[in-house]
Amino acid sequence: MKKVAVLVGSLRRESINGKLARVLARLAKDHLEFDIIDLANVPMYNDELWENVPEAVIELKQRIAKADGVLFMSPEYNRSFTAVLKNAIDWGTRPYGQNSFSGKPGAIIGTSPGAIGSAVGQSQLRSVLGAIQVVVMGQPEIYLSWNDDLVDADDNVVVESTKRYLETWVDHFTRWIERLAPPA
Ligand code: FNR
């Protein structure tokens with residue numbers, strides 16, 4: 001089964017993006033193995049830290065390297081994606097010449113309580129991912145306008161149309177990763 005490293009740009013325990021990551025992991029479990037990486041201990045990027053690399057950075061880069069694909073999830077903050085996610089991306093691309101993301105198939109998902117479901121933040125993220133050589137899936141996109149009634153406490157989707165839509169996304173992303181997998 002293909003493995004997906006998941007980077008979530010919110011550190012909140014009650015994060016709706018973190019919740020959506022767990023919901024997707026559950027929905028995808030027969031097709032994709034999700035590795036949701038905790039970014040709470042990743043320090044703000046500083047070139048000098050390469051002299052004594054923080055454990056959380058080593059782990060972040062190793063887990064991205066081991067993954068067959070990467071899923072980027074973020075809230076929209078002030079019409080962009082969050083600093084937490086940008087910081088993790090910056091670490092992942094360095095040291096120069098050791099970009100952990102290079103050539104990986106990727107996808108973007110976000111949710112927000114607002115009507116446009118993080119669409120503007122995702123658009124900015126998409127341009128960054130192009131620059132770091134993530135091969136981003138174009139469609140289907142998920143701009144989810146969050147509502148607590150969409151899911152239950154056990155990370156199941158309870159609204160049938162939303163479930164079908166997320167399942168379609170899982171199906172496409174699985175095929176996207178398989179299509180871009182290096183030859184065995
Ligand atoms: C927000 N929020 C927000 N929502 C949105 O749809 N567009 C936006 O531009 C912003 N801007 C913004 C800035 C800052 C600093 C904060 C803290 C929040 C609201 C945001 O979508 C909401 O708090 C989500 O619940 C955050 O996602 P998590 O942490 O629940 O995953």
Side-chain angles (χ1 to χ4, degrees), residues 3-29 32-46 54 56-57 59-60 63-64 67 69-92 101 104 106-132 134 136-159 161-170 172-173:
K3 189 177 227 181
V4 177
V6 185
L7 306 183
V8 181
S10 173
L11 303 181
R12 287 181 344 107
R13 272 189 305 278
E14 300 294 320
S15 163
I16 57 177
N17 285 274
K19 176 79 174 175
L20 183 58
R22 297 191 297 277
V23 164
L24 276 167
R26 192 172 181 120
L27 209 61
K29 68 180 188 329
L32 297 170
E33 182 188 341
F34 274 34
D35 178 24
I36 302 173
I37 302 175
D38 183 3
L39 301 178
N41 294 320
V42 177
M44 285 305 286
Y45 188 88
N46 177 347
V57 171
E59 202 181 308
L60 171 68
R63 284 164 73 176
I64 294 165
V70 187
L71 172 59
F72 298 83
M73 301 187 64
S74 183
E76 181 173 282
Y77 276 8
N78 299 317
R79 297 287 181 256
S80 186
F81 59 101
T82 65
V84 167
L85 180 57
K86 181 61 163 57
N87 187 50
I89 289 172
D90 291 341
W91 278 112
F101 297 107
K104 301 258 181 205
I108 302 169
I109 293 186
T111 184
S112 142
I116 56 171
S118 81
V120 183
Q122 288 192 40
S123 164
Q124 298 213 348
L125 178 54
R126 191 170 289 270
S127 73
V128 170
L129 298 187
I132 66 166
V134 174
V136 185
M137 183 170 76
Q139 294 289 340
E141 296 164 292
I142 296 184
Y143 306 125
L144 188 65
S145 187
W146 185 261
N147 169 343
D148 284 337
D149 296 338
L150 291 174
V151 296
D152 68 16
D154 297 321
D155 301 331
N156 298 298
V157 190
V158 293
V159 174
S161 57
T162 305
K163 186 172 178 215
R164 275 201 305 276
Y165 192 67
L166 295 178
E167 280 170 346
T168 301
W169 179 90
V170 168
H172 277 78
F173 193 41

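Both counts, for ligands and for their atoms, begin at 1 and track the order of listing. The basis for the numbers below is simple: all heavy atoms, side chains too, and nothing from hydrogens, waters or symmetry mates.
Val120 approaches Arg79 most closely through the heavy-atom pair CG1-O, 3.5 Å.
Tyr165 and Glu167 share no side-chain donor-acceptor pair at under 3.5 Å. Using modelled atom types and a 3.5 Å distance limit, the side chains of Glu141 and Gln139 yield a donor-acceptor pair.
For Trp146, the ring pair (Phe, Tyr, Trp, His ring centres under 6.0 Å) criterion is met by no residue, not counting sequence neighbours. Residues satisfying the salt bridge (charged side-chain N to carboxylate O under 4.0 Å, His left out) test with Arg26, not counting sequence neighbours, are none.
Ordered by chain and residue number, the residues placing a heavy atom less than 4.0 Å from ligand 1 are Ser10, Arg12, Ser15, Ile16, Asn17, Pro75, Glu76, Tyr77, Asn78, Arg79, Ser112, Pro113.
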Contacts table for residues 106-114: side-chain donor-acceptor under 3.5 angstrom, sequence neighbours left out:
from   : atom 1 : to     : atom 2 : distance (Å)
Thr111 : OG1    : Leu144 : O      : 2.6
Ser112 : OG     : Gly114 : N      : 2.8

